[in-house]
**Q** 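Before we start, here is the structure in question, set down as structure tokens.
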Amino acid sequence: MFDDLRDLYQEVIFDHNRNPRNFRIIDDADRKVEGFNPLCGDRLTLYLKLDGDVITDASFQGSGCAISTASVSLMTEIIKGKSEQEAEALFKQFHEMTTGKDEHFNLEAIGKLAVLAGVREYPARVKCATLAWHTLDAALKNQQQAISTE
Amino acid sequence: MTLFDVEKIRQDFPILKEKIRGKDLVYLDNAATCQKPQVVIDSIVHVYSHDYANVHRGVHTLSVRSTDKFEAARTKVKEFINAASDKEIIFVKGATEAVNLVAQTYGKANIKAGDEIVITAMEHHSNIVPWQMLCEQTGAVLRVAPINQLGELIFAEFEQLLNDKTKLVSVVHMSNALGTINPVKTIIQAAHEKNIPVLLDGAQAIPHITVDVQALNCDFYVFSGHKLYGPTGTGVLYGKQALLDAMPPYQGGGDMIRKVTFTETEYNTLPYKFEAGTPNIADVIGLGTAIDYINAIGMPAIAAYEAELLEYATAKARAIKGLRIIGEAEDKGAILSFVLDKIHPHDIGTMLDSLGIAIRAGHHCAMPVMDFYQVPATARASFALYNTHQEIDVLMNGIESLIEVFG
């Protein structure tokens, strides 16, 4: 019945929505930033644990739609073990994938995150996917204030 | 028309023939804005093609023709809400502007530090923020009458808020987020007993309920044209003439003056005192046509049909496991707000859109209502005179299927 939506709602997204990874609080987090999408009411808190410039642990709490939940869940998995620079590079690539004009974007380079490429066809939902990454960007820049997609 | 012929009505709305993602459009976002019948679209084209010039200005033929049609639309509005005079009908760009107008003119002239303004917990942002701004400017205090879990105003608590300091009551006639129809007549009586004027926000009520401002005895009534099958950028402020006469003007400019020198200006009479600048001529004429269209079908017939649709939709929604209706007031208009277990409203909205179904997902410009029910957002199906029982079936089948997909 929802054949048209297979690109947007891939099974991986349903899976992460049902069972979000790293859905917990890091009590001694080095970074803690809130992200908010006032348009949808998506709300998350991102926690990072750092060792030098390496992200040793990442987790989140909050509530949102399947796209935003899957996006933040996938992100916390992928950035673990990455350096801050590597994470920033992923943010730029993710941003390019979801909002960029390049139709030949190299999906392989972005690995698992490619499951979220479908949002580019749904402008109303792009912010759901990018909220997690904007929050990460703020956390890496050590901004304390909550970030908003609007 | 004695029988309500929905298939015939649907023929009047060209957009209903649109295909959305290859499917028949099922338009259930009428509380956000209604679609337009061909006669309204034609009337705007006709004005610009045959009658258009500026109003209240020239002696030339087109200006006279435009003015006549523009003022005829005012009379249609006056009759539609049964105002006492054309002078009580002020054209603005929408209900929001009308509330702001009252806040910044009546409010500034009559509401002082320590005074109180009473609203309800189910207001749209447009009936919250203008008052908060006025309170900031004057030092007045905004008081909020609570609602119960069904989404009904707790009248006893509302009544207790009314006191010597209360200078205005501003309440929604029908809630856009919940569908609740407020007991406005009783509210007005209670406020008037204490000599408190009442503004009714009729943005949502106007296409669903017969409004008689004299029978209600409200002091102000505001609504938008685009929710009444009319063009965007049209709205109406009704005010009792004595109140409007005593109010300072809203904006300064052309049309709202009688005489201008560099030392003083004499303001025009009602309603022009509040209509500075060239008004939205063609769209206001289109609003007049929308009112003709509704009158030809008959408001009681529309209300009865929509009540039937709501009852049908509510019964079907209640049968869906995991669906919770938000807003179950006893007196309710054709709005069905709901949430699903573990499925965010925005996912519901996207999934239904892929089936051609347009609903609203979000906070409906009523964030305090979302906070009250402790939900980030709701999905909302809202019905109009052109919706059908079959469309409700399509909606409910869609909801059942997406629950299955989400698992």
Side-chain angles (χ1 to χ4, degrees), chain A residues 1-20 23 34-45 60-73 98 115-132 146 148-150, chain B residues 19-23 26 29 32 125 177 322 326 337 339-380 393-407:
Chain A
M1 194 165 189
F2 297 101
D3 291 351
D4 298 351
L5 287 177
R6 267 185 305 200
D7 284 348
L8 182 62
Y9 289 98
Q10 300 198 24
E11 194 45 47
V12 180
I13 289 174
F14 283 129
D15 175 40
H16 277 261
N17 183 49
R18 272 181 221 119
N19 308 299
F23 189 76
E34 283 170 42
F36 181 43
N37 181 344
L39 223 58
C40 333
D42 293 342
R43 203 181 274 278
L44 63 89
T45 307
F60 78 103
Q61 291 270 279
S63 71
C65 65
I67 306 293
S68 78
T69 304
S71 180
V72 65
S73 170
T98 50
V115 296
L116 284 158
V119 295
R120 59 192 288 161
E121 303 301 325
Y122 297 84
R125 305 302 301 275
V126 168
K127 283 174 179 167
C128 307
T130 53
L131 174 64
S148 168
T149 54
E150 295 307 303
Chain B
K19 297 280 182 201
I20 303 295
R21 297 179 185 272
K23 314 274 190 340
V26 175
D29 195 16
H125 296 162
I326 303 288
S337 251
V339 290
L340 298 178
D341 270 354
K342 292 180 188 153
I343 307 178
H344 192 278
H346 272 231
D347 294 317
I348 302 172
T350 299
M351 297 220 116
L352 292 178
D353 179 60
S354 78
L355 306 177
I357 306 165
I359 60 147
R360 173 81 191 268
H363 53 60
H364 319 295
C365 295
M367 286 185 180
V369 174
M370 302 298 111
D371 290 343
F372 176 77
Y373 285 97
Q374 296 185 308
V375 294
T378 76
R380 179 188 69 190
D393 292 343
V394 172
L395 168 70
M396 297 302 168
N397 289 339
I399 293 170
E400 281 179 336
S401 308
L402 76 88
I403 290 174
E404 219 167 274
V405 171
F406 265 77

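This is a predicted model, so every value here is computed, not measured. In the text below, chain A, chain B and the rest are named by the order of the sequence lines, each starting its count at 1.
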**Q** Compare every heavy atom of B/M351 with every heavy atom of A/F2, then report the nearest pair and how far apart it is.
**A** CE2-O, 3.4 Å
**Q** Tell me, for B/L402 versus chain A, whether the close heavy atoms (under 4.5 Å) come from the side chain, the backbone, both or neither.
**A** both
**Q** Heavy-atom distances under 4.5 Å only: say whether A/D3 touches chain B with side chain, backbone, both or neither.
**A** neither
**Q** Is there a side-chain contact between B/H346 and A/N37 (heavy atoms, below 4.5 Å)?
**A**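 They are not in contact (no side-chain heavy atoms under 4.5 Å apart), so the answer is no.
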**Q** I'd like to know whether CZ of A/R6 has more than 12 heavy-atom contacts from other residues, nucleotides or ligands below 6.0 angstrom.
**A**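 No, the 6.0 Å shell around CZ holds no more than 12 heavy atoms from other groups.
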**Q** Pick from B/G22, B/S354, B/G349: which one has the most heavy-atom pairs with chain A under 4.5 Å?
**A**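 Max contact count across the listed options: B/S354.
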**Q** Of the non-hydrogen atoms in A/D4 and B/K23, which two are nearest, and what is the gap between them?
**A**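 Looking at all heavy atoms of both residues, the shortest contact is OD2-NZ, 3.5 Å.
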**Q** Only pairs of heavy atoms separated by less than 4.5 Å count here; which of A/S68, A/A124, A/C128, A/G64 has the most with chain B?
**A**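 The option with the most such pairs is A/G64.
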**Q** Please report the interatomic distance NZ(B/K342) to OG1(A/T69), rounded to the nearest 0.5 Å.
**A**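 Here the interatomic distance stands at 13.0 Å.
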**Q** Do any of residues 360-374 of chain B have a heavy atom less than 4.5 Å from a heavy atom of chain A, and if so, which, in residue order?
**A** B/G362, B/H363, B/M367
**Q** Salt bridge check, B/D353 against A/R125: does any charged N sit closer than 4.0 Å to a carboxylate O?
**A** no
**Q** Looking at B/T350 and A/L8, what are the two nearest heavy atoms and their distance?
**A**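 For B/T350 versus A/L8, the nearest heavy atoms are CG2-CD2, 3.6 Å.
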**Q** Quick one: does B/H344's side chain get under 4.5 Å of A/D42's, heavy atoms only?
**A**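 Yes, side chains in contact.
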